[in-house]
Amino acid sequence: MLPLITVIILTLLAGLAMPLGAFLASRKFIKSRIVQSEFQHFIVAFGGGALLSAVSLVLVPEGSRSLSLPSTALWFSLGALLFMGLDILQQKVKTSASQLLAMLSDFVPESIALGATFTINQELALLLAAMIAMQNIPEGFNAFTELKKTSAYSAKKIIILFSLFSLLGPLSAVAGYLWLVEDPELLSIIMIFASGGILYIVFQDIAPQIRLKNHYFPPMGAICGFLLGILGYMLTTL
């Protein structure tokens, strides 16, 4: 029972990084509008880099281990097509939640993987939890900024909503810990499917928001975000 409680606590703390990022976004701690705009673009880029690192260093390598080449291509493509469909639907209903979708599509499969990993390698699971938390802070920041601009929700309601979303982490991790560890093929399908969706969101919605005319610092956020993933990957493979 103690290992299961540990898994729940780890993923809950990692999930609470989402409302923490939203809270930071709600604070006007940068007075200059020019600096604030550049900082926001940097954070968007950082989140995009973190998502790319999650796909290339965690989800795809781990997910493809139990799948054949055709299966990997199929589920990856289906993930991208589903998120393209969701993107089209969002445009039709005049709402935008690409950052939120990116955040959750990353958080859920990684939490599942964390739960399954904990039964095999607890140290690896701890590092994965830390990596998820560090990704969720900028993703929560970006998702909050997007929802605040495109919805009528108050900052308080968005932060509460993100706090509720953090509960998806323990639920997903428990599923991975109890059931999916015995079905590596299904776990791999989930990770590859999510990878396709995340990659679609990064290049369709996140990457176009990074560029800021006459400013060259924001793209460095993508470098920092991807570097975060590299360091986390190196730590988990020592």
Side-chain angles (χ1 to χ4, degrees), residues 14-15 17-18 21-22 43-64 66-67 69-114 131-132 135-136 138-151 153 158 161-162 164-166 168-169 171-172 175-176 180 185-211 221-222 225-226 229:
M18 293 187 290
I43 291 296
V44 170
F46 188 93
L51 285 169
L52 280 175
S53 71
V55 169
S56 59
L57 300 174
V58 180
L59 296 177
V60 169
E62 294 297 322
S64 59
S66 301
L67 296 177
L69 188 63
S71 293
T72 300
L74 173 65
W75 290 109
F76 186 87
S77 301
L78 288 176
L81 288 171
L82 174 65
F83 278 78
M84 182 180 71
L86 291 174
D87 196 32
I88 293 170
L89 181 62
Q90 287 181 87
Q91 293 298 322
K92 288 186 176 181
V93 298
K94 302 299 181 182
T95 186
S96 179
S98 60
Q99 301 278 357
L100 178 61
L101 280 173
M103 179 174 67
L104 295 179
S105 63
D106 179 34
F107 180 49
V108 171
E110 285 193 337
S111 296
I112 292 173
L114 189 153
M131 186 175 174
I132 294 171
Q135 289 172 353
N136 279 343
E139 289 170 16
F141 188 105
N142 296 336
F144 173 91
T145 303
E146 182 183 63
L147 284 177
K148 196 72 176 65
K149 289 180 180 178
T150 60
S151 73
Y153 292 129
I158 295 175
L161 182 65
F162 283 19
L164 294 175
F165 283 146
S166 69
L168 291 173
L171 291 174
S172 302
L180 291 182
E185 184 175 357
L186 180 57
L187 177 62
S188 294
I189 287 172
I190 292 172
M191 296 173 79
I192 292 296
F193 186 86
S195 297
I198 291 170
L199 206 58
Y200 173 84
I201 288 173
V202 167
F203 287 101
Q204 172 65 11
D205 295 304
I206 297 178
Q209 297 181 49
I210 294 172
R211 189 175 184 274
F226 198 87

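What you are looking at is a predicted structure, and each value in this text was computed from that prediction instead of being measured. Residue numbers run from 1 in the order of the sequence given.
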Chemist: Identify the two heavy atoms, one from Ala22 and one from Phe162, that lie closest to each other, and give their separation to 0.1 Å.
Modeler: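 Here Ala22 and Phe162 meet closest at CB-CD2, 3.7 Å.
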
Chemist: Using the rule given for side chain to side chain contact (heavy atoms under 4.5 Å, CB included), can you reason through Val108 versus Phe165, listing the C-alpha separation, both sets of side-chain angles and the distance that settles it, and then say yes or no?
Modeler: CA-CA 10 Å; Val108 171; Phe165 283 146; over 6 Å; no

Chemist: Apply side chain to side chain donor-acceptor pair (under 3.5 Å) to Ser71 and list each qualifying residue two or more places apart in sequence or on a separate chain.
Modeler: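 Result, side chain to side chain donor-acceptor pair (under 3.5 Å) vs Ser71: Ser68.
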
Chemist: Does Phe76 reach the side chain of Leu67, with side-chain heavy atoms less than 4.5 Å apart?
Modeler: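 The answer is no, as the side chains (C-beta and beyond) never meet within the 4.5 Å cut-off.
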
Chemist: Locate the shortest heavy-atom distance separating Pro109 from Leu104; write the atom from each residue and the value.
Modeler: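 Taking every non-hydrogen atom into account, CD-O, 4.0 Å.
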
Chemist: State, to 0.1 Å, how close Ser66 and Ser188 come at their nearest heavy-atom pair, and which atoms those are.
Modeler: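 What the structure gives for the nearest pair is CB-OG, 3.3 Å.
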
Chemist: Just verifying a value: how many Å separate Glu185 CD and Ile190 CD1, rounded to the nearest 0.5 Å?
Modeler: 11.5 Å

Chemist: Compare all side-chain heavy atoms of Lys148 with those of Tyr153 and state whether any distance is below 4.5 angstrom.
Modeler: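 Not touching, per the 4.5 Å side-chain cut-off.
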
Chemist: Heavy atoms, side chains only, cut-off 4.5 Å: are Phe193 and Leu82 in contact?
Modeler: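 The answer is yes, as the side chains (C-beta and beyond) meet within the 4.5 Å cut-off.
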
Chemist: To the nearest 0.5 Å, what is the distance between CG (Leu78) and CD1 (Ile189)?
Modeler: 10.0 Å

Chemist: Would you name the heavy atoms of Ser195 and Val60 that are closest together and state the gap between them?
Modeler: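 Nearest pair, atom of Ser195 first, then Val60: OG-CG2, 3.7 Å.
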
Chemist: Kindly compute the distance separating CE (Met191) from CH2 (Trp75), expressed to the nearest 0.5 Å.
Modeler: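 That separation rounds to 15.5 Å.
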
Chemist: Nearest 0.5 Å, what's the CG-CD1 distance between Leu114 and Ile132?
Modeler: 5.0 Å

